[in-house]
Amino acid sequence: MIQQADIPDIKNITDCEAETLCTRLRASLIDSVSKTGGHLASNLGAVEITVALHRVFDFTRDRLVFDVGHQCYTHKILTGRADKMSSLRTFGGMSGFPKPAESCCDAFIAGHASNSVSVATGMARGRTLLGDNYYVIALIGDGALTGGLAYEGLSDAGNSGERMLVILNDNGMSITKNVGGIAEHLARQRLKPQYLRFKKGYRKVTGTIPGGKTLYRITHRIKKAVKETLLPCSFFEDMGFTYLGPVDGHDVKGLTSLLRYAKDIEGPVLLHVRTVKGNGYTPAERNPDRFHGVGRFCVQTGEPLSAGSPNFSAAFGGTLCELAEKDSRICAITAAMRDGTGLGEFFCRFPSRSFDVGIAEGHATAMAAGMAKQGMVPVFAVYSTFLQRGYDMLIHDVAIQGLHVVFAVDRAGLVGEDGETHHGVFDVAFLDTVPGMTVLCPASFSELKTMLAYAIQEVQGPVALRYPRGGEGAYTADSGTGPAVLLRQGSDVTLVGYGVMINEVLRCAELLQQQGISADVVKLNTITPIDIHTIQNSLSKTGRLLVAEDVMDANCVGRRIAAELALAGSPAANVALCNLGRSFVTHGSVAELRKLCGLDGESLCRKAMEVCTRG
Ligand SMILES: Cc1ncc(C[n+]2csc(CCOP(=O)(O)OP(=O)(O)O)c2C)c(N)n1
Ligand SMILES: CC(=O)[C@@H](O)[C@H](O)COP(=O)(O)O
Ligand SMILES: [Mg+2]
């Protein structure tokens with residue numbers, strides 16, 4: 001594994017030394033990620049472009065904005081964090097995404113796709129307005145370019161006249177193979193090497209002769225006028241960019257010289273590089289989708305070191321196939337997360353009813369509304385954190401007309417190693433704001449199957465099922481589709497939970513029992529709307545309430561219960577709301593993060609005992 005001491009002074013290495021450095025970095029990434037897990041294929045594809053960027057720019061001043069940011073490992077190694085790679089994505093260790101708190105060379109956080117051009121445009125405008133002159137770069141992948149936000153950024157940036165560079169890292173892949181018209185367009189782009197060489201040579205010559213700069217500007221304007229009238233422009237040139245490429249994204253020498261050339265061009269520039277996702281590691285080149293996000297693996301074979309275990313995504317995908325077998329109205333939608341959401345089998349068995357729209361959650365939601373309006377039953381499988389991108393379409397296109405769209409909200413709650421940008425901790429709050437919304441919370445695979453059928457066949461209007469990353473806990477029962485059930489009976493305190501957090505609540509009840517305190521455990525199957533009667537009945541006995549949930553405090557279930565009780569004139573004497581509060585939660589294992597946030601069984605037990613001793 002490459003150590004900090006091994007990193008050369010990158011501004012002063014030769015092209016040959018740069019190539020050697022890329023080889024060493026690549027080997028180190030493979031070795032390191034095989035031990036920690038993380039995003040491998042994307043990082044292997046971005047080694048040369050990152051080294052070339054660091055040869056030409058100084059990222060203590062110049063700003064490099066990563067899109068998604070999962071491809072930032074080489075950047076982190078080159079900016080003083082080589083020795084931290086062994087702590088990648090661990091609690092208290094280095095994040096797998098750019099983090100300004102980690103280094104001044106990390107210009108901006110990242111995690112959600114398609115925002116980098118917008119952020120970079122803002123930075124460039126800020127720079128200009130403040131009279132500074134550092135350079136601003138956005139590094140965006142072809143997958144991220146299927147997100148509509150990217151076009152908003154490109155349209156404005158291209159017209160901004162700002163000196164900035166957008167590097168399009170085009171490997172033909174999103175997590176799976178890239179989709180959509182833009183992917184086709186990029187595939188048609190052809191390199192004009194002789195034209196590119198001429199442009200660079202001409203600029204070099206005019207840069208050395210007296211009056212050459214003026215001559216260059218005049219001929220540049222003539223060329224632009226000729227191209228715009230006589231020759232087809234690339235999509236990006238139409239947007240206002242000087243378009244360079246596509247060029248080989250693994251030629252560190254060529255990239256370095258092209259970046260030096262691009263750096264001096266007035267106005268916005270788009271450099272289109274072609275790379276191979278997983279480059280330099282055969283198993284990843286052969287399976288870039290499988291090596292997009294990996295657990296620990298054997299370097300020699302590429303095989304995972306731990307066998308996969310049953311998870312909610314697979315239970316969802318299998319159940320949806322069973323239902324779709326009998327109901328031809330059911331169709332499945334994903335926003336570039338087909339395998340992550342468990343839809344692989346559905347796409348194989350029902351291709352005509354399967355839609356991967358690219359990284360376009362807003363479009364997916366609006367499209368689902370259109371499908372529902374025409375009589376289909378669209379099931380949009382989406383990670384909770386990415387559904388945030390579709391919130392307006394959920395209100396405007398789905399809910400106002402009361403359309404029956406089913407949202408399979410995966411990765412709900414704390415997700416673990418991806419950290420702040422990926423925890424699914426806002427959906428409980430924002431879904432509840434939507435009139436007519438139903439939100440179901442399966443706590444076991446069996447409940448997910450029951451609730452998915454119920455959501456598709458019985459519920460009217462928009463309905464969401466929310467379930468976590470990974471598998472079920474000790475609770476594996478199926479409490480049906482009633483809004484709430486009493487899982488345990490006691491007289492001292494009422495404990496309320498939903499989803500897989502019920503496992504921590506049941507653990508808490510066990511621990512209280514050992515202290516001679518008996519608890520009612522109310523499990524909510526539906527959290528929007530809430531069945532307050534079951535809770536009221538329990539509280540009439542206990543008078544004390546603790547609600548546990550791994551979501552943000554704002555508009556959480558606990559707050560809504562407390563408010564409903566107060567409005568009904570039956571407020572609990574003592575209430576403890578155990579949730580994530582109003583701060584973002586870092587990365588680490590889910591178990592570590594629950595403990596950090598006081599949401600593990602032991603912490604809940606201590607909280608419940610406080611409530612009981614308060615009176
Ligand atoms: C809004 C949003 N939706 C989905 C994702 C999940 N996601 C992470 S990386 C990725 C594919 C990115 O493809 P690309 O930009 O081409 O980068 P590559 O991995 O090919 O280098 C997706 C869909 C995300 N990060 N953000
Ligand atoms: C970078 C990104 O957004 C995805 O790769 C995400 O990390 C996938 O998360 P899961 O590992 O939970 O599928
Ligand atoms: Mg890609």
Side-chain angles (χ1 to χ4, degrees), residues 37-47 49-50 66-74 89 95-98 109-117 138-150 167-180 182-183 186-187 249 272-279 284 288-295 308 311-314 334-342 356-365 381-391 410-424 468-470 587 590:
H39 289 96
L40 181 62
S42 312
N43 280 285
L44 291 175
V47 170
I49 187 65
T50 307
F66 285 90
D67 204 291
V68 182
H70 60 316
Q71 74 290 55
C72 72
Y73 298 178
T74 298
R89 294 159 53 95
S95 166
F97 297 96
I109 61 107
H112 283 198
S114 317
N115 71 324
S116 60
V117 180
L139 176 58
I140 183 170
D142 56 317
L145 209 57
T146 60
L149 177 59
I167 299 174
L168 169 56
N169 177 15
D170 177 8
N171 54 24
M173 296 292 293
S174 187
I175 292 181
T176 49
K177 188 152 177 24
N178 206 8
V179 297
I182 188 63
L186 293 177
H272 179 182
V273 301
R274 277 268 169 76
T275 61
V276 173
K277 191 163 183 176
N279 182 280
D289 50 350
R290 191 160 71 78
F291 278 85
H292 173 84
V294 287
N311 57 55
F312 278 94
S313 311
T334 180
M337 300 302 282
R338 183 194 69 191
D339 296 340
T341 56
D356 180 352
V357 297
I359 308 179
E361 290 83 1
H363 162 65
T365 304
V382 57
Y383 290 15
S384 164
T385 191
F386 302 140
L387 178 59
Q388 292 159 196
R389 286 276 175 90
Y391 180 49
D410 199 335
R411 274 45 172 201
L414 292 168
V415 296
E417 289 76 9
D418 275 341
E420 295 90 335
T421 51
H422 283 65
H423 294 312
R469 184 175 198 270
H587 58 274
V590 170

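Just follow the structure's listing: the first ligand is 1, and inside any ligand the first atom is 1. Just so we're clear, the structure is a prediction, and the values are computed from it rather than from any experiment. What you see below is based on every heavy atom in this structure, not just the backbone, and it leaves out hydrogens, waters and symmetry mates.
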Enquirer: Nearest 0.5 angstrom please: L40 CG to K277 NZ, how far?
Expert: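 Reported to 0.5 Å precision, the distance equals 10.5 Å.
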
Enquirer: Would you mind reporting whether H112 and L149 have side-chain heavy atoms less than 4.5 Å apart?
Expert: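 No; the side chains remain at least 4.5 Å from each other.
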
Enquirer: Have a look at ligand 2 and work out which part of H39, if any, has a heavy atom under 4.0 Å from it: side chain, backbone, both or neither.
Expert: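 For H39, the contact with ligand 2 is made by the side chain alone.
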
Enquirer: Looking only at side-chain N and O atoms, does S313 offer a donor or acceptor that is under 3.5 Å from a partner on D410?
Expert: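 Judged by distance alone, the side chains do pair up.
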
Enquirer: Which heavy atom of the protein is the closest neighbour of atom 13 (O) of ligand 2, given with residue, atom name and distance?
Expert: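 Atom 13 (O) of ligand 2 sits closest to the protein heavy atom Y383 OH, 2.6 Å.
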
Enquirer: With sequence neighbours excluded, what pairs up with D170 under the salt bridge (charged side-chain N to carboxylate O under 4.0 Å, His left out) test?
Expert: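 D170 satisfies salt bridge (charged side-chain N to carboxylate O under 4.0 Å, His left out) with R274 only.
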
Enquirer: Using a 4.0 Å cutoff against the non-hydrogen atoms of V68, which atoms of ligand 2 qualify?
Expert: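 What qualifies from ligand 2 is 1 (C).
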
Enquirer: What do you reckon, does H112 put a non-hydrogen atom under 4.0 Å from ligand 2?
Expert: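 Contact check H112 vs ligand 2: negative.
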
Enquirer: Would you indicate whether the side-chain heavy atoms of V273 and I167 approach each other to under 4.5 Å?
Expert: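 Touching, per the 4.5 Å side-chain cut-off.
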
Enquirer: For atom 7 (O) of ligand 2, which candidate among T341, V294, D418 provides the closest heavy atom?
Expert: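 Answer by nearest heavy atom: D418.
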
Enquirer: Taking only heavy atoms of F386, which atoms of ligand 2 are found under 4.0 Å from at least one of them?
Expert: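 Listed by number with element: 3 (O).
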
Enquirer: Can you tell me the protein heavy atom closest to atom 3 (O) of ligand 2 and the distance?
Expert: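 For atom 3 (O) of ligand 2, the nearest protein heavy atom comes out as H422 NE2, 2.7 Å.
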
Enquirer: As a test of reading the model: which N/O atoms of the protein lie under 3.5 Å from N/O atoms of ligand 1, and at what distance?
Expert:
from, atom 1, to, atom 2, distance (Å)
ligand 1, 3 (N), E361, OE2, 2.8
ligand 1, 15 (O), A144, N, 2.9
ligand 1, 16 (O), D142, N, 3.3
ligand 1, 16 (O), D142, OD1, 2.9
ligand 1, 16 (O), G143, N, 2.6
ligand 1, 16 (O), M173, O, 2.8
ligand 1, 19 (O), S42, OG, 2.8
ligand 1, 19 (O), H70, NE2, 2.8
ligand 1, 19 (O), K277, NZ, 2.7
ligand 1, 20 (O), N171, OD1, 3.1
ligand 1, 20 (O), N171, ND2, 2.8
ligand 1, 20 (O), M173, O, 3.0
ligand 1, 21 (O), N171, ND2, 3.4
ligand 1, 25 (N), G111, O, 2.8
ligand 1, 26 (N), A113, N, 2.9

Enquirer: For the atom pair CZ (R469) and OG (S384), what is the distance rounded to the nearest 0.5 Å?
Expert: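 Between atom CZ of R469 and atom OG of S384 there are 14.0 Å.
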
Enquirer: Taking the side chain as everything from C-beta on, heavy atoms only, tell me whether H422 gets closer than 4.5 Å to F97.
Expert: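 Contact flag for H422/F97 side chains = yes.
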
Enquirer: Taking side chain as C-beta onward, heavy atoms only, is I175 less than 4.5 Å from M337?
Expert: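 I175 reaches M337 side chain to side chain.
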
Enquirer: Taking N or O atoms only and a 3.5 Å limit, does H70 qualify as a polar contact for ligand 2?
Expert: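 So ligand 2 has no N or O lying under 3.5 Å from an N or O of H70.
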
Enquirer: Going by the order shown, which atoms of ligand 2 are within less than 4.0 Å of some heavy atom of R469?
Expert: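 By the 4.0 Å cutoff, the relevant atoms are 10 (P), 11 (O), 12 (O).
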
Enquirer: Report the distance from atom CG of L168 to atom CG of D142, rounding to the nearest 0.5 Å.
Expert: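 Nearest 0.5 Å value for the CG-CG distance: 6.5 Å.
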
Enquirer: Closer than 2.8 Å to the Mg ion (ligand 3): does that hold for any N, O or S atom in N171?
Expert: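 Yes, N171 qualifies, because one of its backbone or side-chain N, O or S atoms lies under 2.8 Å.
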
Enquirer: If you measure from each non-hydrogen atom of V415 to ligand 2, which part falls under 4.0 Å: side chain, backbone, both or neither?
Expert: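 The answer is neither; V415 stays 4.0 Å or more away.
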
Enquirer: So, taking the atom named CG in N43 and the one named CZ in F291, what distance separates them when rounded to the nearest 0.5 Å?
Expert: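 Between atom CG of N43 and atom CZ of F291 there are 14.0 Å.
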
Enquirer: What residue and heavy atom of the protein are closest to atom 10 (P) of ligand 2, and at what distance?
Expert: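 Going by distance alone, atom 10 (P) of ligand 2 is nearest to R411 NH2, 3.5 Å.
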
Enquirer: Can you check side-chain contact (heavy atoms from CB on, under 4.5 Å) on N115 and D67, steps first, answer last?
Expert: CA-CA 6 Å; N115 71 324; D67 204 291; 3.8 Å; yes

Enquirer: Please state the angle at the Mg ion (ligand 3) spanned by OD1 of D142 and O of M173: what is it, rounded to 10 degrees?
Expert: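 Here the angle at the metal atom is close to 100°, to 10°.
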
Enquirer: With heavy-atom distances below 4.5 Å as the criterion, would you say the side chains of I140 and L145 are in contact?
Expert: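 Yes - at least one pair of side-chain heavy atoms lies under 4.5 Å apart.
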
